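Numbers restart at 1 for each chain; the letters A, B, ... are given by sequence-line order, proteins then strands. On a predicted model such as this, the values are computed, not experimentally measured, just so you know.
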Amino acid sequence: MVKVTLKDDSVREYEPGTPLNRIAQDISPRLGREALVAAVDGRLVDLSYPLHRDAAVEFYTFEDEPGRDAFRHSAAHVMAQAVKRLYPDVKLAIGPAIAEGFYYDFDAEKPFTPADLEKIEREMQAIVKEDLPFKRVEVSREEALERFSAAGEKYKVELINELPEDAVISYYQQGEFVDLCAGPHIPSTGRLKAFKLTSVAGAYWRGDERNKMLQRIYGTAFPKKSQLEEYLFRIEEAKRRDHRKLGVELDLFSIQEEGPGFPFFHPKGMVLRNQLEQFWREEHYKRGYQEIRTPIILNRSLWERSGHWEHYRENMYFTRIDDVEYAIKPMNCPGGILVYKSRLHSYRELPIRLAELGLVHRHELSGVLHGLMRVRCFTQDDAHIFMLPSQIREEIIGVIDLVDYFYGIFGFNYKVELSTRPEKSMGSDEIWEIATTALEEALKARGMKYKVNEGDGAFYGPKIDFHLEDCLGRTWQCGTIQLDFLMPEKFDLTYVGEDGQKHRPVMIHRVVFGSIERFIGILTEHFAGAFPTWLAPVQVRVLPIADRHASYARQVVERLEKENIRVELDARNEKVNYKIREAQAQKIPYMLVVGDREAREGTVAVRQRSRGDEGTQPLEEFVARILEEIRTKAIG
RNA sequence: GCUGGUGUGGCUCAGGGGUAGAGCAGCGCACUCGUAAUGCGCAGGUCGUCGGUUCGAAUCCGACCACCAGCUCCA
């Protein structure tokens, strides 16, 4: 008998050679139905895998990442099978599972059209109905090469040739279709109950633009119809919340042909911006930051010294003044460093926290520009902290706390990633090691869960990234903390220590919002344009019912203005219904309807944009209530 | 930057070799109205830009520009 240790540490015994699916079935009929793949001593395998030795076994369903990935990956194989049935000359490249579904890259003579997608989908349905089992076959390298060369699958041959010496080479077969694949796969095609092909796009073989462009078909798949429908609804919802669309409708900002990637902020967008900045300043002053502002254009020699010329030139804009070369800043750090260097510093002053809402310009490829999310100029809510080596941990923790507080205010959850040394970088391995360890220790001290992103750091130091999660579950990189031993070296930064000697400070670069522009974009989509009252460009609109109520309406407006509440009067000659409809469309938090009764009694009829008619209350009561809501930055 | 698609009044969109149309928004007039669209009228466009084909181009062709979906890259 073989001993099977399960996730809950219970142990069961089975005949040697018992396949995993039978074990799952034995544990519970439900697990037998829902299990998709399993791990044996941590190695992912198919459910048909026969167990010959004692092992720890874990089963995965669609609810677990390995299960979900195998499910979508299997869907990709089914799609490839359908494509091969319909278009036998198409060559297969790769077809992995991705976060929300799967894709498969094909080398096809003619690009696929939407009509082709429908045809492929129908063929996939047929394959699902055939309920073909996925069969794993392990082969020698020679055998694999022979099989895929004979089939003319040149991309597969290329992949096989690049597999490491000791790799186990396997292919999977369902029906007549064979694909090179490490697996694992779900038991059979019949499990793919709900799927949809979503789009086609060009994609280079291996993501390299020097290679041939292939046709990539994206799709998604779920075990239940309802899950697919929910997913499709979420896509629609994301479209409805698109900040580019809402930006026009709510008159927040615009992007014009005259300045691709350079957004214009309109009065209402500026209110949002200014509220964010005001909040930001208050919170930074509280935490011992001092605000500075550094020039946008600085001499090229500065950028040569900082390493930007060498490492970041392709992303920079340059200009010439009186025959001298200048650069438009893509980052704020050199400017901040010059401020630090402008005089001598004592160890007693440290840490010095210099904050800057700095406008930076970066040359981004034209194809990547996207509303406020990806632009060519943006404002970083930057700060550079100059400190003693002994202060590193505490300062990093301070920034983590600040970020945590900020995101909480907007109701965002977030995830943390630690990025390590990239290929294109400067400095010694030791320095990188020290900096990376310092970041890691701060994260551990704060008890934070994090993921390591190898090679994703800045060219001058490793970083902690904060990815916030919006209401649709999408993640956005906003805050970062970068620890930097190199710039202080390059710029010969010093402080005078207790011993009267000069020492080298350490720097932190950090942002919380990341880019004010992007953050506004994210907020717009997160709240679907219905900003919390403290942020709303217009907080209240007063709606007189008829002309004779205009003067009372004006009194109400004046009262609210006295409290610095952002209020508008809609005295147009229109019906209340019409005015309400418009105020709702503008997502104004409060509508105050005033007529004879209100004018007589000094009250307002309150309509809240999401809760609807809330009845009549004394004006003063309403004032107190909305001021409290603004003060506490209440959400929703 | 690359691949594919799109470009008609402020917005959404129809039309399509003979010289432009709707709805909404705007403006005017009437109605004086109680919680998501009152009615009537008026005005508004060198059909992205430049070039070509043609007797004639918004329509066909080409280049460029911008946008959209991806690829690659990032705040």
J.: Taking atom types as modelled and ignoring hydrogens, do the side chains of A/Tyr414 and A/Asp404 form a donor-acceptor contact shorter than 3.5 angstrom?
T.: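 Per modelled atom types, A/Tyr414 and A/Asp404 side chains form a pair under 3.5 Å.
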J.: Which listed nucleotide (B/rA69, B/rG1, B/rU35) is nearest to the side chain of A/Val593?
T.: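 For A/Val593, the side-chain atoms sit closest to B/rU35.
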J.: Considering every strand shown, what is the Watson-Crick or G-U wobble mate of B/rA66 when both distances are under 3.5 Å?
T.: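 Per the H-bond distance test, B/rU6.
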J.: Using atom CH2 of A/Trp205 as one end and atom P of B/rU3 as the other, report the distance to the nearest whole Å.
T.: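 To the nearest whole Å, that distance equals 20 Å.
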J.: Considering every strand shown, what is the Watson-Crick or G-U wobble mate of B/rG44 when both distances are under 3.5 Å?
T.: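 Answer to the pairing question: none, since B/rG44 forms no Watson-Crick or G-U pair.
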J.: Is A/Asn315 touching bases, backbone alone, or none of the nucleic acid, heavy atoms closer than 4.0 Å?
T.: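 Counting heavy atoms under 4.0 Å across all strands, no contact is made by A/Asn315.
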J.: Both A/Ser515 and A/Arg607 contact RNA chain B. Which one's nearest nucleotide lies toward the 5' end?
T.: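 Counting from the 5' end, the first nearest nucleotide belongs to A/Arg607.
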J.: Among A/Phe318, A/Trp303, A/Phe459, which residue satisfies the ring pair (Phe, Tyr, Trp, His ring centres under 6.0 Å) criterion with A/Trp309?
T.: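 Testing A/Trp309 for a ring pair (Phe, Tyr, Trp, His ring centres under 6.0 Å) against A/Phe318, A/Trp303, A/Phe459 leaves exactly one candidate, A/Phe318.
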J.: Please give, in whole Å, the distance from B/rC2 P to A/Gln215 CD?
T.: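 Rounded to the whole Å, the gap is 17 Å.
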J.: Have A/Glu100 and A/Tyr231 got a donor and an acceptor in their side chains that come within less than 3.5 Å?
T.: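 Looking only at side-chain atoms, A/Tyr231 and A/Glu100 do not form any donor-acceptor pair under 3.5 Å.
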J.: Distance check needed: B/rA75 P versus A/Leu468 CG, whole Å only.
T.: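 Spelled out: CG on A/Leu468 to P on B/rA75 is 14 Å.
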J.: Separation of A/Ile481 atom CD1 from B/rA75 atom P, in whole Å?
T.: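 Roughly 14 Å, once rounded to whole Å.
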J.: Could you measure between the two P atoms, the one in B/rC50 and the one in B/rU19, and give it in whole Å?
T.: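 The answer is 22 Å between these two P atoms.
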J.: Could you tell me how far B/rG1 sits from B/rA37 if I compare only their C1' atoms? Round to whole Å.
T.: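 To the nearest whole Å, 47 Å.
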J.: May I ask you to list the residues of residues 248-279 of chain A, by number, that have any heavy atom positioned under 4.0 Å from an atom of RNA chain B?
T.: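 Under 4.0 Å from RNA chain B: A/Glu257, A/Pro260.
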J.: Return the nearest nucleotide to the side chain of A/His370; candidates are B/rC33, B/rU72, B/rA69.
T.: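 For A/His370, the side-chain atoms sit closest to B/rA69.
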J.: Give me the distance, rounded to whole Å, that separates B/rU49 from B/rU32 when you measure between the P atoms they each carry.
T.: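 Straight-line distance between the two P atoms is 47 Å.
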J.: Base, sugar-phosphate alone, or nothing: which one does A/Val360 contact when heavy atoms must sit under 4.0 Å apart?
T.: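 The residue A/Val360 makes no contact with any strand.
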J.: With both distances under 3.5 Å as the test, what is the Watson-Crick or G-U wobble partner of B/rG23?
T.: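 Matched B/rG23 with B/rC11 under the 3.5 Å cut-off.
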J.: Can you tell me how far C1' in B/rC27 sits from the matching atom in B/rA66, rounded to whole Å?
T.: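 Result for the C1' pair: 31 Å, nearest Å.
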J.: Could you tell me how far B/rU8 sits from B/rC67 if I compare only their C1' atoms? Round to whole Å.
T.: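 Taking atom C1' in both B/rC67 and B/rU8, they lie 15 Å apart.
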J.: Does A/Ser366 put a side-chain nitrogen or oxygen below 4.0 Å from OP1 or OP2 of B/rG1?
T.: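 Affirmative; the distance criterion is met.
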J.: Assess the side chains of A/Trp476 and A/Asp470: does a donor N or O sit below 3.5 Å from an acceptor N or O?
T.: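 Result is yes, a qualifying pair exists.
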J.: Base, sugar-phosphate or nothing for A/Ala583? Non-hydrogen atoms, less than 4.0 Å.
T.: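 Answer is nothing: A/Ala583 stays at 4.0 Å or more from every strand.
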J.: Which sits closer to the 5' end of RNA chain B, A/Tyr218 or A/Phe513, going by the nucleotide each is nearest to?
T.: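 Of the two residues, A/Tyr218 wins.
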J.: Between B/rA20 and B/rG44, how far is it from one C1' atom to the other, in whole Å?
T.: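 Nearest-Å result for B/rA20 against B/rG44 at atom C1': 13 Å.
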J.: Does B/rC71 pair with anything, Watson-Crick or G-U wobble, both distances under 3.5 Å, and if so, with which nucleotide?
T.: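 B/rG1 - that is the nucleotide pairing with B/rC71, both distances being under 3.5 Å.
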J.: Have a look at A/Gln477 and say if it touches a base, only the backbone sugar-phosphate, or nothing, with a 4.0 Å heavy-atom cut-off.
T.: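 Contact class for A/Gln477: sugar-phosphate only.
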J.: Any side-chain N or O of A/Asn577 less than 4.0 Å from the OP1 or OP2 oxygen of B/rA36?
T.: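 So the side chain of A/Asn577 is within the cut-off, an N or O lying under 4.0 Å from OP1 or OP2 of B/rA36.
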J.: For atom P, what is the distance between B/rG45 and B/rG21, given to the nearest Å?
T.: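 So the two P atoms sit 13 Å from each other.
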J.: Just do the ring-ring contact (aromatic ring centres under 6.0 Å, His included) check on A/Tyr317 and A/His363 with the steps written out, would you?
T.: CA-CA 7 Å; A/Tyr317 300 111; A/His363 178 72; 5.8 Å; yes
J.: In this structure, how many angstroms lie between the C1' atom of B/rC71 and the OH atom of A/Tyr103, rounded?
T.: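 Answer to the nearest Å: 10 Å.
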J.: Can you find a side chain N or O atom of A/Arg244 that sits less than 4.0 Å from OP1 or OP2 on B/rC67?
T.: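 For B/rC67, OP1/OP2 do not have a side-chain N/O of A/Arg244 under 4.0 Å.
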J.: Once you apply a heavy-atom cut-off of 4.0 Å, does A/Val368 come out as touching a base, just sugar-phosphate, or nothing?
T.: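 Base: the residue A/Val368, judged by heavy atoms under 4.0 Å, touches a nucleobase.
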J.: Looking only at side-chain N and O atoms, does A/Arg625 offer a donor or acceptor that is under 3.5 Å from a partner on A/Gln617?
T.: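 Side-chain D/A pair, A/Gln617 to A/Arg625: present.
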J.: I want to check one thing: is the phosphate of B/rA75, taken as OP1 and OP2, less than 4.0 Å away from some side-chain N or O of A/Gln380?
T.: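 Indeed not, no polar side-chain atom of A/Gln380 lies that close.
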J.: Any side-chain N or O of A/Arg216 under 4.0 Å from OP1/OP2 of B/rA69?
T.: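 No, because none of the side-chain N or O atoms of A/Arg216 sits under 4.0 Å from OP1 or OP2 of B/rA69.
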J.: For A/Glu314 and B/rC74, what is the distance between atoms CD and P respectively, to the nearest whole Å?
T.: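 From A/Glu314 CD to B/rC74 P: 11 Å.
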J.: Looking only at the side chain of A/Glu598 (C-beta and beyond, no hydrogens), which of the listed nucleotides B/rA75, B/rC68, B/rG34 gets closest?
T.: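 For A/Glu598, the side-chain atoms sit closest to B/rG34.
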J.: Can you label the angle between the A/Phe253 ring and the A/Phe265 ring as parallel, tilted or perpendicular, going by 30° and 60°?
T.: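 The arrangement is tilted - the two ring planes meet at 30° to 60°.
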J.: Less than 3.5 Å apart, any donor N or O on the side chain of A/Arg566 or A/Gln275 sitting next to an acceptor on the other?
T.: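 Yes - a donor-acceptor pair under 3.5 Å links their side chains.
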J.: Hydrogens and angles aside, do A/Asp465 and A/Gln477 bring a side-chain donor and acceptor to less than 3.5 Å of each other?
T.: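 A/Gln477 and A/Asp465 do have a side-chain donor-acceptor pair below 3.5 Å.
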J.: Summarise protein proximity over nucleotides 22-27 of chain B in one line of letters, 5' to 3': B for base, S for sugar-phosphate only, - for none, counting protein heavy atoms closer than 4.0 Å.
T.: ---SS-
J.: Could you please name the partner base of B/rU53, counting Watson-Crick and G-U wobble pairs only when both distances are under 3.5 Å?
T.: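 In the structure as shown, B/rU53 has no Watson-Crick or wobble partner.
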J.: Return the pairing partner of B/rG39 with a 3.5 Å limit on both distances, Watson-Crick or G-U wobble; otherwise return none.
T.: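 When the pairing criteria are applied, B/rC29 turns out to be the nucleotide that pairs with B/rG39.
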J.: Write down the distance between CG (A/Leu369) and C1' (B/rG1), rounded to a whole number of angstrom.
T.: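 Going from A/Leu369 (CG) to B/rG1 (C1'), I get 11 Å.
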J.: Taking the side chain of A/Lys575 as its heavy atoms from C-beta onward, which of B/rA36, B/rU38, B/rC71 lies nearest to it?
T.: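 Minimum distance to the A/Lys575 side chain belongs to B/rU38.
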J.: Look at the side chain of A/Arg548 and decide which nucleotide, out of B/rC33, B/rG1, B/rU35, has an atom nearest to it.
T.: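 Among B/rC33, B/rG1, B/rU35, the one nearest the side chain of A/Arg548 is B/rC33.
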J.: Under a 3.5 Å threshold, yes or no: a donor from one side chain and an acceptor from the other, between A/Ser610 and A/Gln608?
T.: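 A pair is found: one side chain offers a donor N or O, the other an acceptor, under 3.5 Å apart.
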J.: Within the pair A/His363 and B/rG1, is there a side-chain N or O less than 4.0 Å away from OP1 or OP2?
T.: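 Looking at the OP1 and OP2 atoms of B/rG1, neither is under 4.0 Å from any side-chain N or O of A/His363.
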J.: Should the pair A/Arg216 and A/Tyr103 be classed as cation-pi, given the thresholds of under 6.0 Å to the six-membered ring centre and 45° from the axis?
T.: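 Pair A/Arg216/A/Tyr103 counts as cation-pi.
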J.: Just checking, is any N or O donor in the side chain of A/Gln380 or A/Ser515 under 3.5 Å from an acceptor N or O on the other one?
T.: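 A/Gln380 vs A/Ser515: no donor-acceptor pair found between side chains.
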J.: With A/Met79 as reference, evaluate A/Tyr218, A/Phe195, A/Tyr104 under the side chain to side chain contact (heavy atoms under 4.5 Å, CB included) test and give the passing residue.
T.: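 Passing option: A/Tyr104.
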J.: Which value, in whole Å, describes the distance between the P atoms of nucleotides B/rC68 and B/rC61?
T.: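 Their P atoms lie roughly 25 Å apart.
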J.: Going by atom types alone, do A/Thr533 and A/Glu629 pair a side-chain donor with an acceptor below 3.5 Å?
T.: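 Yes - a donor-acceptor pair under 3.5 Å links their side chains.
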J.: Any idea which of B/rG34, B/rU32, B/rA36 is nearest the A/Arg581 side chain?
T.: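 For the A/Arg581 side chain, the nearest candidate turns out to be B/rA36.
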J.: From NE2 of A/His549 over to C1' of B/rU35, roughly how many Å is that when rounded to an integer?
T.: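 The distance from NE2 of A/His549 to C1' of B/rU35 comes to 15 Å, rounded to the nearest Å.
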J.: Does B/rA75 have OP1 or OP2 sitting under 4.0 Å from an N or O in the side chain of A/Lys463?
T.: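 Yes, within the criterion.
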